[in-house]
Amino acid sequence: TLEESAQPFGIHQQQFSDVFIDQTIYFQVVSFASTHYIWIGDKSTQMGSLDVAANTNFDTVPSTSNLLGENVNQYGKLLAQKLAKRTKQLFFVSFNLPSDDSQLAEWAESVLLKTVLQREDFKKV
């Protein structure tokens, strides 16, 4: 399921879901100019973590920081860093899936990338 909407002031929102084995995983992407917020989770709709990644002039690898949560898993931080490096834009990622299921995390990342990287505002600068 994919829903897209353009909001006032150039805000773009995209929501979609997909099924991994027998579990529905939900995705939300909110973009404004060159800043993006991504939420990935299950039906609980919790926000247990929030990571940010930004490019700097000091290193080729984007800087990352955990803004919310206990920083239990690194998936959100790594995904934000990967997207920031690829697009040269700012990313906030809230990754709310079990930290002990690497297959689920890799699958969620591939679904997200396949969907959002087709958008014009996500294409590499």
Side-chain angles (χ1 to χ4, degrees):
T1 312
L2 175 65
E3 292 180 37
E4 286 192 63
S5 63
Q7 305 294 325
F9 310 109
I11 296 172
H12 184 270
Q13 181 175 337
Q14 185 176 25
Q15 298 178 48
F16 55 98
S17 61
D18 207 334
V19 177
F20 178 77
I21 303 176
D22 61 347
Q23 184 178 11
T24 302
I25 305 300
Y26 300 92
F27 301 82
Q28 181 181 40
V29 181
V30 179
S31 302
F32 177 72
S34 60
T35 301
H36 309 279
Y37 165 78
I38 296 172
W39 181 90
I40 302 171
D42 59 17
K43 64 182 176 186
S44 70
T45 65
Q46 70 174 350
M47 184 173 176
S49 70
L50 182 62
D51 297 291
V52 63
N55 291 286
T56 70
N57 293 330
F58 308 108
D59 197 348
T60 58
V61 177
S63 293
T64 61
S65 184
N66 176 258
L67 302 176
L68 177 69
E70 296 182 17
N71 202 20
V72 175
N73 72 51
Q74 297 293 311
Y75 297 121
K77 188 178 286 189
L78 294 172
L79 181 56
Q81 192 172 51
K82 184 180 290 187
L83 288 166
K85 184 172 184 173
R86 178 179 269 177
T87 64
K88 307 291 187 231
Q89 298 179 17
L90 179 64
F91 280 86
F92 295 87
V93 175
S94 181
F95 194 91
N96 302 286
L97 296 174
S99 60
D100 61 346
D101 193 342
S102 62
Q103 283 186 315
L104 175 59
E106 291 170 13
W107 173 86
E109 179 180 332
S110 70
V111 169
L112 176 76
L113 293 176
K114 179 178 70 177
T115 304
V116 301
L117 289 179
Q118 297 172 12
R119 290 180 22 192
E120 196 61 39
D121 57 336
F122 274 84
K123 293 195 176 166
K124 187 176 177 181
V125 178

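Everything numeric in this text was worked out from a predicted model, so none of it was measured.
No side-chain heavy atom of Ile25 sits under 4.5 Å from any side-chain heavy atom of Val111. Residues Arg86 and Leu113 have side chains in contact (heavy-atom distance under 4.5 Å, counting atoms from C-beta outward). At least one side-chain heavy atom of Tyr37 sits less than 4.5 Å from a side-chain heavy atom of Gln28. Residues Tyr75 and Val93 fail the side-chain proximity criterion, which asks for heavy atoms closer than 4.5 Å. In this structure, the side chains of Phe27 and Ile38 stay at 4.5 Å or more apart for every pair of heavy atoms. Side-chain atoms of Leu79 and Asp51, non-hydrogen and from C-beta on, never get closer than 4.5 Å to each other. Using a 4.5 Å heavy-atom cutoff, the side chains of Leu97 and Ile40 are in contact.
Closest of all the heavy-atom pairs between Trp39 and Thr45 is CZ2-CA, 3.6 Å. Looking at every heavy atom in both residues, Ser63 comes nearest to Thr56 through OG-CG2, 3.5 Å. A pairwise comparison of heavy atoms in Asn96 and Gly48 identifies OD1-N, 2.6 Å as the closest pair.
Hydrophobic clustering (ILVMFWY, side-chain heavy atoms < 4.5 Å, transitive): Phe92 and Val61 are in distinct clusters. If you chain together hydrophobic residues whose side chains sit under 4.5 Å apart, Leu78 and Leu67 never meet in one group.
To the nearest 0.5 Å, the span separating NE2 on His36 from CG on Leu83 amounts to 8.5 Å. Interatomic distance, CG of Leu112 versus NZ of Lys82, reported as 10.5 Å (0.5 Å rounding). Trp107 CH2 to Ser102 OG: the interatomic distance, rounded to the nearest 0.5 Å, is 14.5 Å. The distance from atom CG of Asp18 to atom OH of Tyr26, rounded to the nearest 0.5 Å, is 11.0 Å. Summarising the geometry, atom CZ belonging to Phe16 is positioned 9.0 Å from atom NZ belonging to Lys114; distances are rounded to the nearest 0.5 Å. Distance check: Gln74 CD to Ser49 OG gives 10.0 Å after rounding to the nearest 0.5 Å.
No donor-acceptor distance shorter than 3.5 angstrom exists from the side chain of Thr24 to the backbone of Val19, with no hydrogens or angles considered. A donor-acceptor pair under 3.5 Å links the side-chain atoms of Asn55 to the main chain of Ala84, judged by distance alone. A side-chain donor-acceptor contact under 3.5 Å links Gln81 to the backbone of Pro62.
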